[in-house]
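Accompanying notes for the structure given below.
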Amino acid sequence: MNAHVRFVLASSLAIVMAAAAYVFAAEPIDLEHPLAGWRDGSRDRELADRAVYPAPLTDHGIHRAAALIRGRIAEAGLKHATLIVNGNPVNLATDAGVFARPWAFGPGPNSVEIRSADGRARKRVQFYEAYAGATPTRLRIILGWDARRTDVDLHVITPDGGHAFYARPVLPNGGGIDVDDMDGGPEIFSMAAPPRGTYLVYVNYYGQGRPDARAVVIATVTVITEENTVHEKRETYVVPLRKPGDLVLARAVRY
């Protein structure tokens, strides 16, 4: 091989490697889990159980091992993004770009999408949960709000008298709230086998760390029943909170 050919080959290899490095570096969102394709979630059974019967998680970084949705957003300084699971959008706070959320995926097709706050970057995966024993979430209540460094709490009263909130997140009947969030949400109540009856959904403006303390905080409550089935029903309600201490009945949900 003469010197000219070696030079051409070396130059081509350098160009290919530089292009690959650019593509890798330009990938703004890394979705570490779940992966696209066909999957058997029986390997994640312990994690799935934690998502259906959630532990009282209090931050976004150190509980990555217990999260079924996890990854990193590479954009420097980005604190918030949007997480869309099976069509349900929620706020997604990050810790130095790292995000982690518990979630209970039911059997069958599922989708997860991450969008950056400015909408320029997004990552979406679709997968089929082949584990027939995966427990679907029959009732999910999602609370989010539009103010950072502001503590808004979700309270759910179940038909059998249970009261799920930040101080008692897990109920004996199997329902529970996953995260006590203080940075825009979400806080999610989920239940695999909800008893029939009326669920009272309250939103409490607990406090804030913002200089504009008198500004109205807009909370949204999304109620999803029979998620990811042909009988799925989803409703979203807007709840204005005018000052710290406000406790508002957002919805009485019949299941």
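All values below were derived from every heavy atom in this structure, side-chain atoms included, with hydrogens, water molecules and symmetry-related copies excluded. Sequence positions, counted from 1, serve as the residue numbers for this chain.
For the residue pair D246 / N204, no side-chain donor-acceptor distance below 3.5 Å is found, with atom types taken as modelled. Remark: the S190 side chain and the R140 side chain contain no N/O donor-acceptor pair separated by less than 3.5 Å. Side-chain polar atoms of N86 and E232 form no donor-acceptor pair below 3.5 angstrom.
For the pair R39 and E129, the salt-bridge criterion is met [side-chain N within less than 4.0 Å of a carboxylate O]. With salt bridges taken as basic N to acidic carboxylate O contacts below 4.0 Å, none links E113 and K123. Comment: E227 does not engage R138 in a salt bridge, judged by the lack of any side-chain N to carboxylate O separation of less than 4.0 angstrom.
Put simply, CZ on R254 and OG1 on T198 are 4.0 Å apart, with the number rounded to the nearest 0.5 Å. Distance NE2/H155 to CZ/F165: 6.5 Å, rounded to 0.5 Å.
In plain terms, the two heavy atoms of A121 and P28 that are nearest each other are CB-CG, 3.4 Å. In this structure, F99 and D30 approach most closely via the heavy-atom pair CZ-O, 3.9 Å.
Side-chain N or O atoms of T229 include one that pairs as donor or acceptor with a backbone N or O of H231 at under 3.5 Å. Looking at W145, its side chain does come within 3.5 Å of a backbone N or O of T150 through a donor-acceptor pair.
Using a 4.5 Å cut-off on side-chain heavy atoms (C-beta onward), V239 and I218 make no contact.
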